[in-house]
Amino acid sequence: MRAGYHEDVASGSNGVLAVNHTVVCDNPQPLTILPITAQDPLMARKEEEVAVQAPIISQYNDQIRPLLDAIDRLRLLMVMKEGIQLPTIVVVGDQSSGKSSVLESLAGISLPRSQGICTRVPLIMRLQSHQSPAPELHLEYNGKIVPVEESDITTAINLATDEIAGHGKGISNTPLTLVVKKDGVPDLTMVDLPGITRVPVQGQPENIYEQIRDIIMEYITPEESIILNVLSATVDFSTCESIRMSQKVDKTGERTLAVVTKADRAPEDLFEKVTADDVNIGLGYVCVRNRIGDESYEEARREEARLFQTHPHLSRIDKSIVGVPVLAQKLVHIQANIIARCLPVIVKNINEKLNANASELERMPKALTSVADAMAAFMRIIGAAKESLRKLLLRGEFDEYPDDSSKHGTARLVEMLNQFSDELHESEDNDPTKDFLIEEIKVLEDAQGIGLPNFLPRSAFLRILQTKVDRISNMPIEFAEKVWDCIDGMVTSVLTRHSEIYYQLKVSTKKAAHNLVERMREQSMNRVKEIVQMEKLTDYTCNPDYMVKWTKLMTQQESFHKKVNDAVMYGHSRVSLEGFGDIEVEHLRRHRNVLHQAFDLKVRMTAYWKIVLRRLVDSMALHLQYSVHNLVNNDMEEIVNELMGPDGRGIERMLVESPAIAGKREKLKRSIKLLKESKDVVAKIMDRIAGYDD
């Protein structure tokens, strides 16, 4: 067969591009493309797009076939899994709309027929014009290439479908590719999807409609997809489920071409349907007649031509939108345009994805191959973790965790310290009016002995002090526990983050960090208990506030004694005392002999207790700050010793890489390999396009 393709692109007075295609060939075949003149909305978008596309589209057999082969090669590489969308003609239609008949007419072969769903997997049909008189067909699926005789194609497709989707009537989203190399077929690649059905038949899953819908939407949603919507002339187009689906993703209809089948069965209103275009088909309609019975494809085309030429209703339809040959030429032309339009974007997307994956792979840690490498990496991890902890716990720099306030260590420590101070000063024991002087009187009575009168025994003061310290002794310990819980979480989190890429090390590091914090916690708890015990042991302060406070309060001693006597004499039960408030004195009338000593003891304890509480807060703050400083700057080396082990070989665990990291590395490598192959494919075709322009 010898064929030539000529295309003239001219701009009419209304700005619409008129494209004249002529295919000349000897030894004509059933689907020889006929000369037509068409107005294509895709071609009319932008003049600059056409300027790029026109050289690509001309001389079809030499120039468009390589473009289509390149796209098919990218599809075979499964570049779409990398998020790179490819231009695709997607064939959709309701069940029994005549989809199979249309595809059979285009390919010149018989496809599976049955009641219910014929197509149970996406069928990628790659039609290639082939000059050899003997057709070549093969199937590609599950990594296999299976040659097929034309007479056995139906059986072979059914067997492959069963292998992919299982026996029965279920469907699968795993594609099956059918390659048809045959003289006279149009150079096209199409994806035939399962016909839409709402009611499951026996053997089909209850959600068969949802499964089919999801597959169809996945294929027709990308902007690069051309939707070939197969409609039966016997139905109202607006009720077709395939129309509803395509309108969801292509509201303007600019990506949708409608094929109207079974024109001979409902010819009366077909002219009005395709001219009114109530369903907004932007790429127009093509009306066809299905092959009937045992008709050969040549006979079917002759009958089709005669039908649209002589039928009183169908002959009214413009000849540029009727017949399978016209459909073939429209699809070829639309396919050429969409490939030409998308190819630069595909090149850009492949390069961007390749660069992004290469950069991500470069940023990943190198796999460790020796103990020396592991040791160096480990010391880097410890060094980085120490610096992070210095920022969080000492310097108050939170740039590594700007949005995670739980890691803002210095701020959290101050917050907890202030809360501890407030709770300590607001403890119930601090109510100065509660049982005023009762405790002091009891202690003084118990401390009585033979000796000088009005002598205040030190043992009485210490006894009250020890009692008061015992009442709040748990508060510093609970505060320290809370602080160390916070530090434990922070240290563990930081070390885990820095060792994330080393699977075995991460687990060991987390354990070693926890062990270190627990040892320091134990030491800290012992120190906190010592601080509390020191306050019980002796009464001492050099703080001048003690004497100032005691002196001020003692000036009320005589007036207080007089007020108590007056209250007893005149039957009053409360007196007001500066520094203490309103005092209930009824219970004091029986203890007037020790009232002076009790008041002195109360005043001394009141002045001293405030100093004790402040000193506890100060001591806790200094101790914890010192402990954190040692932890970060000195004691972190203990983690190194624990991980190294007694024989120094523990570091070898780092040589085992995390399964997640190893998996990610291999995934990136596979992706980069695929994208490089894809880049080579498009680079070659772009070089050819550049050659056309020279």
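Side chains are part of it too, since the values below use all heavy atoms of this structure and drop only hydrogens, waters and symmetry mates.
Residues Ala513 and Ile639 share a closest heavy-atom pair of CA-CD1, 3.9 Å. Contact detail for Arg75 and Pro87: the closest heavy-atom pair is NH2-O, 3.3 Å. Closest non-hydrogen pair, Ser225 versus Tyr219, comes out as OG-O, 2.7 Å. Leu437 and Ala598 make their closest contact through CD2-O, 3.5 Å (heavy atoms, listed as atom of the first residue, atom of the second, distance). What you find for Leu389 and Met490 is that their closest heavy atoms are CD2-O, 4.2 Å. Residues Leu343 and Val682 approach most closely at CD1-CG1, 4.4 Å, considering heavy atoms.
One N or O on the side chain of Ser172 and one on the backbone of Thr174 form a donor-acceptor pair closer than 3.5 Å. A donor-acceptor pair is defined here as one N or O able to donate and one able to accept, closer than 3.5 Å; no such pair exists between the side chain of Asp250 and the backbone of Ser246. Asp600 places no side-chain N or O within 3.5 Å of a backbone atom of His596 that could act as its donor or acceptor partner. Between the side chain of Ser524 and the main chain of Met520, no donor-acceptor pair closer than 3.5 Å is present. A donor-acceptor contact shorter than 3.5 Å is absent between the side chain of Thr221 and the backbone of Glu218. For Ser473 (side chain) and Asp470 (main-chain N/O), a donor-acceptor pair under 3.5 Å exists by modelled atom type. In this structure, the side chain of Asn418 does not engage the main chain of Asp422 through any donor-acceptor pair within 3.5 Å. Looking only at distances, no side-chain donor or acceptor of His623 sits under 3.5 Å from a matching main-chain atom of Ser619. Although no hydrogens or angles enter the test, the distance criterion places no donor-acceptor pair under 3.5 Å between the side chain of Thr492 and the main chain of Gly489. With hydrogens and angles disregarded, a donor-acceptor distance shorter than 3.5 Å links the side chain of Gln556 to the backbone of Glu578.
The shortest distance between side-chain heavy atoms of Gln625 and Leu394 falls below 4.5 Å. Contact of the Phe461 side chain with the Leu456 side chain is not registered, since no non-hydrogen atoms from C-beta on lie closer than 4.5 Å. Contact check for Trp550 versus Met547: side-chain heavy atoms found under the 4.5 Å cut-off. The shortest distance between side-chain heavy atoms of Leu601 and Met605 does not fall below 4.5 Å. Counting only heavy atoms from C-beta outward, the side chains of Ile464 and Tyr608 never approach each other to under 4.5 Å. Ile487 is not listed as a side-chain neighbour of Leu624, based on a closest heavy-atom distance of 4.5 Å or more. Looking at heavy atoms from C-beta onward, Asn357 lies in side-chain contact with Glu82 at the 4.5 angstrom threshold. In this structure, the side chains of Arg458 and Asp539 come closer than 4.5 Å at one or more pairs of heavy atoms.
The structure places CD1 of Ile227 at 11.5 Å from OG1 of Thr88, a figure rounded to the nearest 0.5 Å. Separating the CG atom in Asp618 from the CG atom in Leu613 is a distance of 11.0 Å, to the nearest 0.5 Å. In this structure, Asn543 CG and Ile611 CD1 are separated by 4.0 Å, a value rounded to the nearest 0.5 Å.
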From CA spacing to verdict: salt bridge (Lys or Arg N to Asp or Glu O under 4.0 Å), Arg471, Glu439 | CA-CA 14 Å; Arg471 289 172 185 163; Glu439 186 176 17; 3.7 Å; yes
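A salt bridge links Glu518 and Arg521; the closest N-O separation between the charged side-chain nitrogens and carboxylate oxygens is under 4.0 Å. For the pair Glu415 and Arg412, the salt-bridge criterion is met [side-chain N within less than 4.0 Å of a carboxylate O]. Ion pairing between a basic and an acidic side chain is recognised when a charged N comes within 4.0 Å of a carboxylate O; Lys673 and Glu677 show such pairing. Of the charged side-chain nitrogens involved, none lies within less than 4.0 Å of a carboxylate oxygen, so that Arg255 and Glu224 do not count as a salt-bridged pair. Ion pairing of Glu423 with Lys482 is absent here, as no side-chain N (NZ or NE/NH1/NH2) approaches a carboxylate O to less than 4.0 Å.
Every residue two or more places apart in sequence or in another chain that forms a ring-ring contact (aromatic ring centres under 6.0 Å, His included) with Phe398 is listed here: His408.
Under a cut-off of 6.0 angstrom, the local environment of NZ in Lys536 is crowded, with over 12 non-hydrogen atoms contributed by other residues, nucleotides or ligands. In the displayed structure, Glu522 atom CD is contacted under 6.0 Å by at most 12 heavy atoms of other residues, nucleotides or ligands. Counting non-hydrogen atoms of other residues, nucleotides and ligands closer than 6.0 Å to CE of Met217 gives a total above 12. More than 12 heavy atoms of other shown residues, nucleotides or ligands fall within 6.0 angstrom of atom CD in Glu210.
Among Asn207, Leu193, Ile171, the single residue meeting the side chain to side chain contact (heavy atoms under 4.5 Å, CB included) criterion with Ile212 is Ile171.
Under the 3.5 Å distance criterion, with hydrogens and angles disregarded, no donor-acceptor pair is assigned to the side chains of Arg527 and Tyr626.
Taking the six-membered ring where the residue is Trp, Phe420 and Phe479 present parallel rings, their angle staying beneath 30° rather than reaching 60°. Relative ring orientation between Phe436 and Phe580 is described as perpendicular, the plane-to-plane angle rising above 60° on a 0-90° scale split at 30° and 60°.
Sorted by first and then second residue, the salt bridge (Lys or Arg N to Asp or Glu O under 4.0 Å) pairs with a member in residues 380-391 read Lys386-Glu637, Glu387-Arg390, Glu387-Arg395, Lys391-Asp399, Lys391-Glu400; sequence neighbours excluded.
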